[in-house]
Amino acid sequence: MDLKPKIREIMDFPKKGINFKDITTLLKDGQAFRASIKSMAELIRDRKPDLIVGPEARGFIVGAPLAYELGIGFVPARKSGKLPYKTIHAKYQLEYGNDVLEMHIDAINPGQKVIIVDDLLATGGTIFSTIELVKQLKGDILALAFLIELTYLNGREHLKEYDIYSVIRY
Ligand SMILES: O=P(O)(O)OC[C@H]1O[C@H](OP(=O)(O)OP(=O)(O)O)[C@H](O)[C@@H]1O
Ligand SMILES: Nc1ncnc2[nH]cnc12
């Protein structure tokens with residue numbers, strides 16, 4: 001299934017010069033959503049992860065069904081102040097702002113095999129801070145997986161030590 005036509009592009013959102021990739025048009029199409037998750041699952045299944053980790057909010061939309069499809073657990077990295085138990089945190093920047101991500105201190109056991117997932121790789125800031133959180137908990141990062149990769153922003157350049165999978169590229 002050709003998934004790219006299912007994504008809506010909005011110029012100058014949320015700031016001038018940003019070409020925003022709107023996945024809501026893909027998500028509301030059941031076949032396209034399912035095909036997206038299946039494609040991501042087939043890219044990473046053989047790596048045999050123990051856990052999927054995904055950052056709030058769109059990382060949950062792809063990460064949770066992906067973990068379900070693979071029959072493994074899902075760990076959310078949440079924006080500041082949302083998690084109720086003891087947390088670790090990492091700051092990050094993205095194409096249009098900055099924020100803090102947090103994870104529960106017992107979210108990952110040392111040595112657990114993790115694949116970090118998000119809807120989209122742009123500059124890599126979000127995923128870099130998610131990596132920092134997984135490293136703090138001594139998780140073993142097998143790979144990074146995205147539904148969409150904006151290759152023109154060179155996110156991969158900052159993530160050279162990791163295997164990176166993506167389904168749709170611009
Ligand atoms: O590679 P980067 O430059 O870090 O950009 C990619 C991130 O930006 C978007 O999230 P956003 O922060 O807009 O939050 P949302 O998921 O809550 O919409 C997207 O879902 C990725 O997480
Ligand atoms: N261009 C973009 N479109 C959608 N989400 C994004 N997150 C960071 N950059 C983005």
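This structure is a prediction, so every number in the text was calculated from the model and none was measured. Note that ligands are numbered from 1 as they come in the structure, with each ligand's atoms numbered from 1 the same way.
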Q.
Quick check on contacts: which atoms of ligand 1 are under 4.0 angstrom from a heavy atom of Asp119?
A. 19 (C), 20 (O), 21 (C)

Q | Region of Asp118 engaging ligand 1 - heavy atom pairs below 4.0 Å | A | side chain

Q | Nearest heavy atoms of Asp22 and Thr25, plus distance in Å | A | O-OG1, 3.1 Å

**Q.** Worked check of side chain to side chain contact (heavy atoms under 4.5 Å, CB included) between Ile168 and Glu149
**A.** CA-CA 6 Å; Ile168 305 162; Glu149 179 178 356; over 6 Å; no

Q: Would you mind reporting whether Leu121 and Leu159 have side-chain heavy atoms less than 4.5 Å apart?
A: yes

Q) Can you name the one residue among Val117, Val167, Ile52 that meets side-chain contact (heavy atoms from CB on, under 4.5 Å) with Val62? A) Val117

Q: Number the atoms of ligand 2 from 1 as they appear, then name those within less than 4.0 Å of a heavy atom of Ala122, with their elements.
A: 8 (C), 9 (N)

(Q) When you measure from the centre of the six-membered ring of Tyr170, is the NZ or CZ of Lys4 closer than 6.0 Å and no more than 45° off the axis? (A) yes

Q. For ligand 1, which part of Thr126 has a heavy atom less than 4.0 Å away: the side chain, the backbone, both, or neither?
A. both

Q) Should you measure from each heavy atom of Gly125, which atoms of ligand 1 turn up under 4.0 Å away? A) 1 (O), 2 (P), 4 (O)

Q: Select one of side chain, backbone, both or neither to describe which atoms of Asp22 lie under 4.0 Å from any atom of ligand 2, heavy atoms only.
A: neither

Q | Asp50 side chain to Gln112 side chain, donor-acceptor N/O pair below 3.5 angstrom | A | no

Q: Consider ligand 1: state whether an atom of it lies below 4.0 angstrom from any non-hydrogen atom of Gly124.
A: yes

Q: Search all heavy atoms of Ala77 against all heavy atoms of Thr130 and return the closest pair with its distance.
A: CB-CG2, 4.3 Å

Q. Heavy atom under 4.0 Å from ligand 1: found in Lys79's side chain, backbone, both, or neither?
A. side chain

**Q.** Sub-3.5 Å N/O-N/O distance, Lys21 and ligand 2
**A.** yes

Q. Hey, is Ile127 one of the residues with a heavy atom under 4.0 angstrom from ligand 1?
A. no

